[in-house]
Amino acid sequence: MRNTKLSKLWDRLHSSYWFLPSIIVIAAIALAFAMLIVDRNATDGMENLGWIYSGGPDGARALLSAVAGSMITVTATAFSITIVALQLAASNFGPRLLRNFMQDTGNQVVLGTFLGTFVYCLLILRTVRGEDYALFVPHFSVTVGVMLAIASVGTLIYFIHHASTIIQASQVIAGVSTDLDGAITRLFPEEIGTTASKRQQIIEIPANFDAEACLIEASKTGYLQAIDDQELMKVACRHNLLLWVKSRPGKFVVEGSKLVMLYPRDKADRKLAEQVNNAFIIGRERTEQQDVEFPIDQLVEIALRAVSPAVNDPFTAIRCIDRLGAGLAQLAQRDFPSPYRYDHDSNLRVIVERLTFEELVGSAFNQIRRYAQSDAAVTTRLLDAIALVANHTCNPKYQAVLRSQAEMIQRGTCKTLSEQQDRENIKRYYSNVIQLLEQHVIR
């Protein structure tokens, strides 16, 4: 992925609650100074403009003070509503979903609008002077302040509507599903360097790699969020190396643990180890930037909370399963990238840990299958999702994975469901999956 570090920086800024509001506040400060320049250079005849504020200094002070005071009050209320929304999200959907709420642009724009209006009014208010001093009433600036107040009222109405919709289960699930679709589109297929033939992939791995390779240890502890693939390829080409990456985005790495195997070992030194480590972005949390499994785990977490005895909400779990099935159906139609990466001269430079279709299917279905065995509605929807994926692939390896999942679901539910009719329904759905898998074969 290009510009990995810039993308990571933007992801951090986008996830913060201060960046966008700060930009809006700075824009409000610039607007205040610009409007004051306009007022100081304004000519006579403003009284002919009916839409311009035409009152005196006392009225201007009262108006700006009222707007500034109301804006800071509304800002405090908006903060309170946002904190309540975050608490509800953490309890209902899981703490890992908080990052999605922090990235919500609507809330950040609302907060920035309120604070920007407040700062603007303060800056204009300080310039209003009465007759005891050199009389100055910034008519245009006060008018713009009124306009900002009206815009803030509209923003408040939007915020109330937005805050009540973003905590709905359907909206949260749809948002995570959008992240999953984006990650699939971005990462499959993905190349580092140039992919060569399978014959070259096998022949060009040195026979003495294990004996002559040197271990590069991780310099930080945390989740591997992304790999700067271009930088890693540049390091390998510059020093004529073969690098075998022993972790992948989404995995937790510990300082001093195995990160990369470097071949040959005689070229390894401390500076080279630092260059290799700089290509790995490690943070406190997982992200979907290069980790397609992360949004899958988020959907699974929502589903597991929904089927728990404390919540008992199978409809939310069914929504999650529908989205998981749609995502896996997309993955089943895409080529998974090869673990072998070549430079432009077809020299093997990087070997990466590859995420497999079997692992993704297991991440999507295993936990839900285990915890929802006694729920016939959730179980039948799991088989429906497997049938959907089966309808989009002719790959025999993928079909074997889907068949295995369907068999485990059928065995588990037939042991736990007490009603004969429920067991018969499960068998019927299972038979439908097997029939689809047999129909979609490679010709």
Side-chain angles (χ1 to χ4, degrees), residues 1-12 14-15 96-97 99-100 103 173-196 201 222-234 236 243-253 259-260 279-283 285-301 320 323-343 349-365 388-389 392-393 395 397-398 401:
M1 182 182 297
R2 297 181 179 180
N3 300 323
T4 304
K5 293 184 178 179
L6 291 178
S7 299
K8 181 56 187 172
L9 176 61
W10 168 247
D11 184 72
R12 290 180 178 177
H14 186 49
S15 301
R96 278 147 293 280
L97 270 296
R99 181 174 172 274
N100 299 55
Q103 286 184 331
I173 295 171
V176 178
S177 179
T178 300
D179 292 340
L180 175 59
D181 293 340
I184 292 172
T185 302
R186 186 171 58 250
L187 299 175
F188 295 90
E190 182 183 51
E191 296 181 357
I192 305 177
T194 304
T195 303
Q201 293 173 6
Y223 287 98
L224 180 54
Q225 297 175 336
I227 301 175
D228 191 342
D229 40 31
Q230 289 188 342
E231 181 63 26
L232 199 63
M233 179 60 71
K234 288 179 181 178
L243 303 176
W244 193 324
V245 181
K246 291 300 183 179
S247 187
R248 67 169 186 259
K251 293 298 184 180
F252 188 79
V253 297
L259 185 64
V260 175
F280 293 82
I281 301 175
I282 298 175
E285 299 177 355
R286 294 172 65 184
T287 69
E288 74 282 356
Q289 184 179 359
Q290 290 186 1
D291 181 13
V292 72
E293 196 174 10
F294 179 56
I296 291 178
D297 289 343
Q298 287 182 312
L299 288 172
V300 170
E301 181 176 9
C320 294
R323 298 288 185 170
L324 288 169
L328 291 175
Q330 288 190 59
L331 283 166
Q333 301 175 75
R334 294 177 179 265
D335 294 328
F336 279 58
S338 169
Y340 304 97
R341 314 300 194 205
Y342 293 78
D343 60 18
R349 292 302 182 188
V350 179
I351 305 174
V352 298
E353 291 293 314
R354 183 174 62 171
L355 187 64
T356 65
F357 183 77
E358 181 179 5
E359 290 175 312
L360 292 175
V361 171
S363 297
F365 293 144
L388 173 65
V389 181
H392 286 80
T393 181
N395 189 314
K397 293 182 179 179
Y398 296 176
V401 172

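In this text, all values refer to a predicted model and were calculated from it rather than measured experimentally.
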Return the minimal non-hydrogen interatomic distance between S363 and D297, and the atom names on each side.
CB-OD1, 4.0 Å
Could you tell me whether the side chain of L355 reaches within less than 4.5 Å of the side chain of E293, counting heavy atoms only?
yes
Just so I know, are the side chains of V245 and L259 near enough to count as touching, which here means a heavy-atom distance under 4.5 Å?
no
Heavy-atom closest pair, residues A326 and L388:
N-CD2, 3.9 Å
Heavy-atom side-chain proximity of L243 to R349 below 4.5 angstrom
no
Minimum-distance pair of heavy atoms, taken over all atoms of L232 and A279:
CD1-CB, 3.9 Å
Flag side-chain contact, heavy atom, 4.5 Å: T185 against R334
yes
Which pair of heavy atoms, one from P337 and one from F188, lies closest together, and at what distance?
CD-CD2, 3.7 Å
Would a 4.5 Å heavy-atom cut-off, applied to side chains only, mark I227 and V352 as touching?
no
Distance-minimising heavy-atom pair for G250 and R286:
O-NE, 3.6 Å
About how many Å separate CG of L360 and CG of L180, when rounded to the nearest 0.5 Å?
9.0 Å
Quick one: are Q290 and L187 in side-chain contact, heavy atoms under 4.5 Å?
yes
Compare all side-chain heavy atoms of V260 with those of F280 and state whether any distance is below 4.5 angstrom.
yes
Whether over 12 other heavy atoms sit under 6.0 Å from Q330 CD:
yes
Rounded distance (nearest 0.5 Å) linking atom NZ of K234 with atom CD of E231:
6.0 Å
Which distance, rounded to the nearest 0.5 Å, do you find between the CD1 of I296 and the CG of D179?
12.0 Å
Spacing of CD1 belonging to I173 relative to OG1 belonging to T178, to within rounding of 0.5 Å:
12.0 Å
I need the T393 OG1 to F357 CZ distance, nearest 0.5 Å.
6.5 Å
Side chain proximity check, T356 to K397, heavy atoms < 4.5 angstrom:
no
Which pair of heavy atoms, one from L328 and one from A364, lies closest together, and at what distance?
CD1-CB, 3.8 Å
Output for pair (Q298 CD, L324 CG), nearest 0.5 Å, gives 11.0 Å
Treating Q225 as the side-chain partner and E285 as the backbone partner, does any N or O pair qualify as donor plus acceptor under 3.5 Å?
yes
